[in-house]
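Below, all heavy atoms of this structure are taken into account, side chains as well, without hydrogens, waters or symmetry copies. By convention in this document, chain letters (A, B, ...) are assigned in the order of the sequence lines, proteins followed by strands, and residues within each chain are numbered from 1.
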Amino acid sequence: MAHYYDINEILMEEENITSTFKVGASEVAVLDPCAETSTVEQGAKVELPFWLAQYLRSKEVVTIDVPPCFDKKTRKEVQADVACVDLRSRCPYFYELGCKIAPMIGDRTIGSFLLVAFRGRYQDILRKAHSTAFVVAPKFLTLLTKEETQLYEAAKSSMTAYKKWRVGGTRFERVPILKKRRKPND
Amino acid sequence: MAGQSDPHISLFSAAEIEFVAEDELVEIVPNISMEPLNFTCGDFGPFRPQMPTEVPMWLAVALKKRGKCVICPPQWMSVDKLTQVLEAERDTEYAFEPLPFHYVELSRLLFDHAHEDIPDLYMVRTLIEDIRDVRFHKLESSLKLINERVNAVKLKNVSAMEMNIVRPFLVRTLQSFYKLDSPQMIHNPVTTAYRQAQAADRGPRLELRRRHMIDLLRR
């Protein structure tokens, strides 16, 4: 499913993950803004982009913490009313990141949590995408993650295209080349 | 599929669907005399004045534009029949009435090019609009049934245009569900999904039972 050149995949890997260093690392203080010396000490908590955290974890240098978007508080909110949770501000790549990070931190509940969240929100998107007027950008769009926005856009664009066809338009489109040639004669 | 305007979201444009619909057969009454026409898709004619014959929609429209024929509206396009269909559509919750696969496009083509040949044009137009609205609403509500355990919804008699409108959304949704429901995400999918569903269905009762258990343990 994941493509090497998929822009969303690349952007998703930029998400910051809090990770704890298992060992001290010298000359990499640039990673840790609070470091006083040029060394990142053992046990320091550092925000790393996902791609770096993933690599360092595979070398057993860091351990990855559960990102705040999968913590207990968010889960409670999702349980209460999934459609109103502002997932975008928490993590625009909520589902993608969840899929990647679940096997890494070995939390089996994340998978089903994502599924429950998506099922609840998808019904809401479905209802709104086909019914809202197509000029105004609705307020609830600001709550959606990247993937959900794409879903919404897909549903809306096909509906808009259909409505446009129904009210009618030009039935015959003249080839641009013909238009040019005709003009001098007219 | 070949000829799609945008393969990325698997969407035909409405005009493309209309083009496909123009191959449907329709009955015309010509007012000219003409030899049979032999096409790759079949032979049509001969054309004699006042003798009804079946031709593809595009040919009917072309003849109509030149004033060479009268198009007979299809049987399903009568007020009686459409009223029946509308009633039936409103009565059922998820089932769709059998209508021609291209009924949306055919009705639009006929309204545009042959409106004087349709009796009770105004009524017919309103009825078809109503039917379409009811059906689309039904389609939407049946799509809501999709979740991690229901990967398919059986929808009979959905027309081409209706399918085309929901296609991009449906495809993406199923992809997302597939991704989130893959075995590597959920290690034992059956039990987890089942437990999850149970928890969702009767959360409070489980809570109670658990509390009860704790009480028992305390004793």
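Taking every heavy atom of both residues into account, F177(B) and R119(A) meet most closely at CZ-CA, 3.9 Å. Between R166(A) and E129(B), the closest heavy-atom pair is NH1-OE1, 3.7 Å. Taking both residues in full, the closest heavy atoms of K144(B) and L126(A) are given as CG-CD2, 3.5 Å, listed atom of the first, atom of the second, then distance. What you find for W165(A) and R108(B) is that their closest heavy atoms are O-NH1, 2.6 Å.
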Please test S176(B) against Y95(A) for side chain to side chain contact (heavy atoms under 4.5 Å, CB included), starting from the C-alpha separation and ending with a verdict. CA-CA 9 Å; S176(B) 298; Y95(A) 301 105; over 6 Å; no
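Of the listed residues (V104(B), I17(B), V166(B)), the one with the most heavy-atom contacts under 4.5 Å to chain A is V104(B).
Few gaps surround CE on M34(B); more than 12 heavy atoms of other groups in view lie less than 6.0 Å from it. For E60(A), the CD atom sits in a loose shell: 12 or fewer heavy atoms of surrounding residues, nucleotides or ligands are nearer than 6.0 Å. The number of heavy-atom neighbours closer than 6.0 Å to OH of Y94(B), taken from other residues, nucleotides and ligands shown, is above 12. Counting non-hydrogen atoms of neighbouring residues, nucleotides and ligands closer than 6.0 angstrom, the NZ atom of K146(A) reaches no more than 12 such neighbours. Atom NZ of K68(B) has 12 or fewer heavy atoms from other residues, nucleotides or ligands within 6.0 Å. Summarising the local packing, OH of Y122(B) is surrounded by 12 or fewer heavy atoms from other residues, nucleotides or ligands at distances under 6.0 Å. Heavy-atom contacts from other residues, nucleotides or ligands closer than 6.0 Å to NE2 of H115(B) number more than 12.
Aromatic ring centres of Y152(A) and F169(B) lie farther apart than the 6.0 Å criterion allows.
By the 4.5 Å heavy-atom criterion applied to side chains, S158(A) and N164(B) are not counted as neighbours. A heavy-atom distance below 4.5 Å is found between the side chains of Y122(A) and L143(B). At least one side-chain heavy atom of M159(A) sits under 4.5 Å from a side-chain heavy atom of F136(B).
Salt bridge absent: R172(B) and E148(A) never bring a charged side-chain N and a carboxylate O closer than 4.0 Å.
Only the side chain of E147(A) comes within contact range of chain B, with heavy atoms under 4.5 Å apart.
In this structure, L115(A) CG and K179(B) NZ are separated by 12.0 Å, a value rounded to the nearest 0.5 Å.
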